[in-house]
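Heads up, the thing below is written out as structure tokens.
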Amino acid sequence: MRVAIAFALLAACAVGQRRGGAPPAATGPWSNSALTPDQRADLLLRAMTLEEKLQLVHGLARGDPAAARSNGGAGFVPGIPRLGIPDLQMADAAVGVTRGAARGRYATLLPSTLALASSWDLKAAYDYGALIGRELRDQGYNMSLGGGVDLAREPRNGRNFEYMGEDPELAGWMDGEAVRGLQAQGVMGDVKHYAFNDQENGRNVLNVVLPDRRAMRESDLLAFEIAIKDAHPAAVMCAYNQVNGAYSCENPYLLNQVLKKDIGFQGFVISDWGATHSTVKAALAGLDLEMPGDTYFGAPLAQAIAEGSVPMARLDDMVHRILRSEFAAGQFDGRRTDQVPDIFSGLATARKIAGESIVVLRDSNTVLPLDAGRIKSVAIIGGHADVGVLSGGGSAQVNPPGGNAVAELSPPPAGGRSRGGPSYFPSSPMRAIAAAAPAAAVRYSDGVDLAAAAALAHSAAVAIVFCTQPMSEGRDAPGLALPDNQDALVEAVAAANPRTIVVLETGGAVAMRWFGQVAGVLEAWYPGIGGGEAIADVLFGRVNPSAKTAVTFPARDADLPHPTEFHGAVAPGSGRGRGAARSFDVPYDAGLEVGYKWYDAKGITPTVPFGFGISYTHFAYGNLKATLDAGGIEIRFTLKNTGRRAGSEIAEVYTALPPEAGEPPKRLIGWQRVELAPGEARDIQVEIPARRLAIFDVSRDDWRTLSGTYLIEVGTSSRELALKAALPLQGSQLP
């Protein structure tokens, strides 16, 4: 692995400096940094011509000579040198800077954001965003296109690995902290894909049917609201799909009403690439920046303004929002010099977050952690675990340093994303396991021949099967089962060795028909550039696992709200839906019952519930007290580490609202990550704001709390809640 990193460092050093988004030296009254971003934007707006304003509300059309200033990232909006307005240099950066090696630049691949969400660690989320922000800045970019927060309504969605799970509270806060960390580095962030972009098949044409505005506001839109209010991102990216018959990028309810009026978003709305469908309708609905090209917001917008169908005030608002976001991010204040990213710091951060993100789903007869001093032989089977770890595809794909670790898979083309097979990063779990257990004989089988894999497993003290699920933007999985006959592989190995452990590298939840047949299961997600080492850390107990699932693992497709994914007129794998004859409806008829709320309401037992994860120590809960507080309620309880290892517990707090609320059986309202030494007990206090107890009242078009008895539940997962307390409240007692 160090060889690959050294290669990347040498390549990075060979690249000349680029100015990126650094502003020209022009100054004016808007250069006064003592003024607010809005005041500075107003002053600058007054100095702009109509042509200059129009230049800022769309990306470049192909062939524009100004594109020569682009860094080669996903998007570019040329600045205006005479006014000191910087270029917008945009990069896809969901899990690291994509195309990071396009010009010899190294970029750190972090664990997938779904992995991050499974850490339930807000500080880790901030550090995650800060690392991406630093590497964007070092490489001359001043805007990230990461920040995915769509809920995992459709577990077969190819982009779930880019998102933050199925619960709006967890997803919203984790995404908000990641964007906050990124923007603290002087880089503009965004939150996407707004909204209900929850499947890839037919994403460009499908119509989400969810007329219940309460269900909208209490699910996906709540996740966006939390993230936006926490992070104050520069931008929100509107999605490809339609919602209730209107495209997301020309949907006045989503953009003008909820986002800009109700949430109070002050930044700009940027379209997903090619997601703009009109000029007047989109402009009046709240879209501020068309990307890429000028099909709608170039000459057609100029004509619409001349004719009065789009008021000049609307164009001024678009430009103001873009400028104030640039001022807020410090884009006008100081020049930046590109530099080589600190690759070793990035590696350390990636490995640490991976260790916090790996979830132990099963540990039968305490087979875990493995004892490095006693194990004489280990069989490593499948998943290309001899050379690397899997990463997610599409616009989130970070280029592996030195090329794909799996030689037979097509390497990415120069300067672009991988168009061949899935990309593996050079962090070999097998080498890390061999280093952790130097006295053990470690042998590998690719798992293609089931009989050979079973024979190797039978000869070893422990067998570790690595199962992979390549996922990517532009396509969804056909089902929850693992691809490429891997379920049969696990069953064959488990039959040959009762000490079989499965390590999953997946983009989301998968069905595990063999779950009860194996001794241990680790969900490693896509673990990033330090993933192989982090997997070994958890297997051998150098890291005591603390992560908990951010998604439910259903037992089978038949248990889903929609057992078969909706395709309509669009064939699976069509991505943006180009060439599709017509749109098709995707009914969100589960309403409020998203994720674990669906399984609770329907009485379905999943293989692994939401919020579940095993530690190598044990925790005891007691003494729950719930009392009214000035801004909500205060939850107090004791938590004790009753085991022999230091460990961290994620204590989860749920509530069941009064029956008249018409809610699912319970909702997550808070959590706290607590580190405890062996035998240590601590009094835990969790403050729950009133909003987390509220429902969205459509008749009032606002949130409100109901009078009645709230059942407060505290415990170790959504299905293991040891503590319960009834709390009678009057709605008037809470703001």
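- Under the 6.0 Å cut-off for aromatic ring centres, Phe610 and Trp120 qualify, their centroids lying closer than that.
- The backbone N or O of Gly507 lies less than 3.5 Å from no partner atom in the side chain of Asn160, so there is not a single donor-acceptor pair.
- When side chains are defined from C-beta on, Phe425 counts as touching Pro400, because their heavy atoms get closer than 4.5 Å.
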Does the pair Asp272 and Lys192 meet the rule for a salt bridge (charged side-chain N to carboxylate O under 4.0 Å, His left out), with working shown? CA-CA 9 Å; Asp272 206 338; Lys192 67 180 186 182; over 6 Å; no
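- Taking both residues in full, the closest heavy atoms of Ala457 and Ile381 are given as CB-CD1, 4.0 Å, listed atom of the first, atom of the second, then distance.
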Given Gln199 and Arg156, is the side-chain contact (heavy atoms from CB on, under 4.5 Å) satisfied, shown in steps? CA-CA 8 Å; Gln199 73 176 59; Arg156 295 158 293 204; over 6 Å; no
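- Ser357 places no side-chain N or O within 3.5 Å of a backbone atom of Ser119 that could act as its donor or acceptor partner.
- Although no hydrogens or angles enter the test, the distance criterion places a donor-acceptor pair under 3.5 Å between the side chain of His562 and the main chain of Pro587.
- Nearest heavy atoms, Ala488 versus Leu450: CB-CD1, 4.0 Å.
- Across all non-hydrogen atoms, the minimal contact from Asp476 to Gly158 is OD1-N, 2.8 Å.
- For the 3.5 Å distance criterion, the side chains of Tyr588 and Asp198 qualify, holding a donor opposite an acceptor.
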Start with the C-alpha gap between Arg351 and Asp537, add the side-chain angles, then the distance that decides, and say whether salt bridge (charged side-chain N to carboxylate O under 4.0 Å, His left out) holds. CA-CA 10 Å; Arg351 179 173 174 174; Asp537 288 342; 3.1 Å; yes
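- Using a 4.5 Å heavy-atom threshold, the side chains of Leu480 and Val510 count as separate.
- Contact of the Thr98 side chain with the Leu145 side chain is not registered, since no non-hydrogen atoms from C-beta on lie closer than 4.5 Å.
- In this structure, Arg719 fails the cation-pi test against Phe612, since its NZ or CZ atom is not both closer than 6.0 Å to the six-membered ring centre and inside 45 degrees of the ring normal.
- Residues Leu489 and Val465 are in side-chain contact: their nearest non-hydrogen atoms beyond the backbone lie under 4.5 Å apart.
- Side-chain contact check for Glu649 and Ser615: no donor-acceptor pair (N or O, by modelled atom type) lies under 3.5 Å.
- With hydrogens and angles ignored, the 3.5 Å screen pairs no side-chain donor or acceptor of Glu200 with any backbone N or O of Arg475.
- In this structure the side chain of Val521 never reaches within 4.5 angstrom of the side chain of Glu523, judged on heavy atoms.
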Test log, rule salt bridge (charged side-chain N to carboxylate O under 4.0 Å, His left out), inputs Arg542 and Glu533: CA-CA 10 Å; Arg542 293 183 300 205; Glu533 291 75 18; over 6 Å; no
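- At distances below 3.5 Å, not a single donor-acceptor pair connects side-chain atoms of Ser427 with backbone N or O atoms of Gly388.
- In plain terms, the two heavy atoms of Pro111 and Val95 that are nearest each other are O-CG1, 4.1 Å.
- In terms of heavy atoms, Ile529 sits closest to Pro401 at CD1-CG, 4.3 Å.
- Between the side chains of Ser718 and Glu652, no donor-acceptor pair is found at a separation under 3.5 Å.
- Of the charged side-chain nitrogens involved, none lies within less than 4.0 Å of a carboxylate oxygen, so that Glu169 and Arg667 do not count as a salt-bridged pair.
- Met164 is listed as a side-chain neighbour of Leu116, based on a closest heavy-atom distance under 4.5 Å.
- Between the side chains of Tyr599 and Asp559, not a single donor N or O lies within less than 3.5 Å of an accepting N or O.
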Give the C-alpha distance, both sets of side-chain angles, the deciding distance and a yes or no for salt bridge (charged side-chain N to carboxylate O under 4.0 Å, His left out) between Arg159 and Asp150. CA-CA 9 Å; Arg159 297 189 84 170; Asp150 297 270; over 6 Å; no
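- Between the side chains of Ser459 and Arg443, at least one donor N or O lies within less than 3.5 Å of an accepting N or O.
- We find the CG-OH distance between Asp220 and Tyr194 to be 10.5 Å, quoted to the nearest 0.5 Å.
- The backbone N or O of Arg673 lies less than 3.5 Å from no partner atom in the side chain of Asp121, so there is not a single donor-acceptor pair.
- Without hydrogens or angle criteria, Ser445 side chain to Gly447 main chain gives a donor-acceptor distance under 3.5 Å.
- Considering all non-hydrogen atoms of both residues, Glu505 and Leu390 come closest at OE1-N, 2.9 Å.
- A donor-acceptor contact shorter than 3.5 Å links the side chain of Gln486 to the backbone of Pro483.
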Verdict with reasoning, Lys602 to Glu593, per side-chain contact (heavy atoms from CB on, under 4.5 Å): CA-CA 9 Å; Lys602 304 306 179 188; Glu593 296 167 359; 3.3 Å; yes
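- Two residues are said to be in side-chain contact when any heavy atoms from C-beta on lie closer than 4.5 Å; Tyr424 and Val387 fail this criterion.
- With contacts defined as side-chain heavy-atom distances shorter than 4.5 Å, the pair Lys352/Asp127 does not qualify.
- Under a 3.5 Å cut-off, the side chain of Ser364 and the backbone N or O of Ala519 do not form any donor-acceptor pair.
- With rounding to the nearest 0.5 angstrom, the CZ atom of Arg645 is 8.0 Å from the OH atom of Tyr616.
- Taken from CG in Leu370 to CD1 in Ile375, the straight-line distance is 4.0 Å, to the nearest 0.5 Å.
- Inspection of the Thr607 and Arg362 side chains reveals no N or O donor paired with an N or O acceptor under 3.5 Å.
- Counting only distance, with no hydrogens or angles, the side chain of Asp386 and the backbone of Ser428 share no donor-acceptor pair below 3.5 Å.
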Begin from the C-alpha positions of Phe540 and Ile433 and carry the test side-chain contact (heavy atoms from CB on, under 4.5 Å) through to its verdict. CA-CA 8 Å; Phe540 288 94; Ile433 288 167; 3.9 Å; yes
